[in-house]
Amino acid sequence: MRDKLLKLLDDPSTEYVSGQEISTKLGISRTAVWKHIEELRKNGYQLEAVPRKGYKLTHTPNVASADEVKSRLNTTTIGKDIIFKKELPSTQKLAHDMARNEAEEGTVIVADQQLEGKGRLGRSWHSPAGTGLWFSIILRPDVPPHHAPQLTLLTAVAAAEGIESATGVKAEIKWPNDILFKGKKIAGILTEMQSDPDKVQAVIVGIGMNVNQEKHQFPSELSDKATSLAIEAGRTFHRADVIAAILERYEYLYFYYLKEGFEGVRKRWEALAVTIGKNITARTVAKTFTGRAKGITDDGVLMLETASGRIEYIYSADIE
Ligand code: BTN
């Protein structure tokens, strides 16, 4: 209900919206309207209330709360349910618990801050309050488990395209899952799966994105490697605008992928990827390979051609 109320209050064609109008349009009592307005105030919104005119929204907090995101979102599945928490150990962990408890496909879990944010390869993910986007999406695709890595690549495309549509920043993808701008990391993706031997139960896609951090807000070990959308664009963004754009791209690409297969996603991915055609070093847990990145397979695996002409298939690695 509150996302609908926010849409009404945010309508640029009217300055004030009367309590009566809200009550009629949303089909709720005047008392219920008043309670929702009070709830908004508690959540950091500022509203002017003028007798005989109504309410005017004067300040919206820059937060990717369920209300803010939903009031911008036009999707049927991805983001139909949004759980927002001010603080969590990790959105990934809550998403796993919810997926085991039958959460519906498309459920999105967002945290303003993560205390134990998880990165790839057992690393931690710096997730401070008030600046970035830390969220996980629960998917239940009807695909065999070995196709799950394709969703990492699909996620990278949705993130890069969503970023561009919301901010104008033309991000690039580094295999498999880094979103970069001029070589510095803007976002990372962690794809995890709950699966039977032959059937995927759930795929949990975690996205961490640096949105409004200023340079000095990155810890020293990240300052050379990471950047934010605000640093690159020279202005800050409402985090709900950014996540809504990504979720909309996500829904479009995901439905396309389920219907038509991976090929179209692979083409988009290759168009956005900086890795393909370059000489790279791939450090896997077991071994380091050097050679030329030839492309990706249908399963999203990176093909690397070594100096001897041999093709190595890289499933998971750090790329330089
Ligand atoms: C990487 O190492 O590049 C992947 C980082 C993924 C971070 C995101 S933030 C939201 C979700 N919750 C987590 O704990 N991790 C992922």
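Both ligands and their constituent atoms are indexed starting at 1 by order of listing.
- Tracing side-chain contacts under 4.5 Å through hydrophobic residues (I, L, V, M, F, W, Y), one never reaches L94 starting from I207; they form parts of separate clusters.
- The shortest non-hydrogen separation linking D67 to D3 is O-CB, 3.5 Å.
- Of all the atoms in ligand 1, the ones that sit under 4.0 Å from a non-hydrogen atom of K185 are 1 (C), 3 (O).
- Residue R120 has at least one heavy-atom neighbour below 4.0 Å for each of these atoms of ligand 1: 1 (C), 2 (O), 4 (C).
- By the 4.5 Å heavy-atom criterion applied to side chains, H126 and P128 are counted as neighbours.
- For ligand 1, the atoms sitting less than 4.0 Å from at least one non-hydrogen atom of S90 are 12 (N), 13 (C), 14 (O), numbered in the order shown with element in parentheses.
- In this structure, I163 and M209 approach most closely via the heavy-atom pair CD1-CE, 3.7 Å.
- The single protein non-hydrogen atom nearest to atom 5 (C) of ligand 1 is W125 CE3, 3.4 Å, given as residue, atom name and distance.
- In summary, of the residues considered (E48, E15, Q46), a side chain to side chain donor-acceptor pair (under 3.5 Å) with K56 occurs for E15 alone.
- If you number the atoms of ligand 1 from 1 as listed, the ones under 4.0 Å from a heavy atom of T91 come out as 10 (C), 11 (C), 12 (N).
- For the pairing with E38, the side chain to side chain donor-acceptor pair (under 3.5 Å) check across K42, R41, K35 returns one residue only, R41.
- Taking 4.0 Å as the cut-off, G117 counts as a neighbour of ligand 1 on heavy-atom distance.
- Between F135 and R239 the shortest side-chain heavy-atom distance does not fall below 4.5 Å.
- Interface of G208 with ligand 1, defined as ligand atoms under 4.0 Å from a residue heavy atom, comprises 7 (C), 8 (C), 9 (S).
- Under a 4.0 Å heavy-atom criterion, Q114 is in contact with ligand 1.
- Counting atoms of ligand 1 from 1 in the listed order, those under 4.0 Å from a heavy atom of I189 are 3 (O), 4 (C).
- Every residue meeting the side-chain hydrogen bond (donor to acceptor under 3.5 Å, both in side chains) condition with Q213, not counting sequence neighbours, appears here in chain and number order: N210.
- In summary, the atoms of ligand 1 found under 4.0 Å from a heavy atom of S136, numbered by their order in the structure, are 11 (C).
- Only the backbone of I207 comes within 4.0 Å of ligand 1, counting heavy atoms alone; no side-chain atom from C-beta on gets that close.
- Atoms of ligand 1 lying under 4.0 Å from any heavy atom of K118, numbered from 1 in the order shown and given with element: 5 (C), 6 (C), 7 (C), 13 (C), 14 (O), 15 (N), 16 (C).
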